[in-house]
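Structure in structure tokens, see below.
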Amino acid sequence: MTEIKILKIGGSVLTDKNRLESARMDEIERIAAEIAKYGSGLILVHGAGSFGHIHAERYNLAERFSAEGVLETHRSVVRLNDLVVESLRMAGSSPVPVHPLSCTLLRDGRIEAMETEPVIEMVNRGIVPVLHGDVAMDRSRGAGIVSGDQLVSHLARSLKPEIVALGTAVDGVIFRGEVLAEVRREDLPKISSELGASAGVDVTGGMRGKLGELLDLADEGVGSLVFNAEKAGIIERVLGGERAGTFVGGKI
Ligand code: IP8
């Protein structure tokens, strides 16, 4: 089986989170070009930014089931996914979209089941599966939101990748103005009051939600990096094994 690396790019890098469905095409294309240079073994997950959070909030999906809300929120994130997939293809990569709504089941907002075999086969054939934060059916609530971070943590738990890296619009986990080189679970009480919410509408919890997912993953021995994906060239370096930004727990 091919060595797997999981890269997530946050919605705040790919979109303007304050303006409904506004993609930052220059950033999407730059990132696609960096990924295309990288080669095989990669699973890409991206956040929703202004393509999903605004719809999820409008339909109040976290509180109330709405079939129309499921459709509209999903269609919105698929529009962003199309842009990412097409940019990767234009840059010379071999991407395919993988929509969590069709292969993931939640219970109480957490992934209970996810079909990962097709994703593994894609990677083995040199394809880059491109997943995204999405709405998904939830056994207890009807429907819920599955963030890109939760998808990363679920995939990493079952696939035990070589590298797990999460690109955001900030330099890492910031405490008192400084980027922390490393965060472990025991640091959480000290830093949690300073963990910011995301800019713009975010139904999945910004940096606090991200760190929660990554510390759970670290508890199972899988470490990850939170880095600034807005810095040109950094994706290639991180995928090559450089420890940029903040390392979260576990072993890398
Ligand atoms: O941007 C959220 O995914 P995230 C997905 O990765 C939706 O938190 C539909 C709001």
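Predicted model only: the values in this text are computed from it and were never measured. Counting convention: from 1, in listed order, for ligands and their atoms alike.
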## Note on the structure
Under 4.0 Å between heavy atoms, the region of Glu57 that gets near ligand 1 turns out to be neither
### Task
Under 4.0 Å from a heavy atom of Gly52: give me the atoms of ligand 1 that qualify, with their elements.
10 (C)
### Query
Counting from 1, what ligand 1 atoms have a heavy atom of Gly148 closer than 4.0 Å?
3 (O), 4 (P), 6 (O)
### Query
Under 30°, 30 to 60°, or over 60°: which ring-plane class applies to His99 and His74, parallel, tilted or perpendicular?
perpendicular
### Task
Give yes or no for whether the N/O distance cutoff of 3.5 Å, strictly under, is met between Asp149 and ligand 1.
no
### Task
State the atoms of ligand 1, each with its element, that fall below the 4.0 Å cut-off from a heavy-atom position in Thr73.
9 (C)
### Query
For Tyr59, which of Glu68, Arg64, Glu72 qualifies under side chain to side chain donor-acceptor pair (under 3.5 Å)?
Glu68
### Query
N/O of Val77 under 3.5 Å from N/O of ligand 1, yes or no?
no
### Query
With only distance considered, is Ile145 within less than 3.5 Å of ligand 1 through an N or O on each side?
no
### Message
Using the salt bridge (Lys or Arg N to Asp or Glu O under 4.0 Å) criterion, which residues pair with Glu121? Sequence neighbours excluded.
### Response
none
### Message
Going by side-chain hydrogen bond (donor to acceptor under 3.5 Å, both in side chains), name the pairs with one or both residues in residues 26-36, residues two or more places apart or in two chains.
### Response
Glu27-Arg30, Arg30-Glu34
### Query
Taking the side chain from Thr168 and the backbone from Phe227, do they hold a donor-acceptor pair closer than 3.5 Å?
yes
### Query
Can you find a non-hydrogen atom of Lys8 under 4.0 Å from ligand 1?
yes
### Message
Between Arg157 and Glu213, does any NZ, NE, NH1 or NH2 come within less than 4.0 Å of an OD or OE carboxylate oxygen?
### Response
no
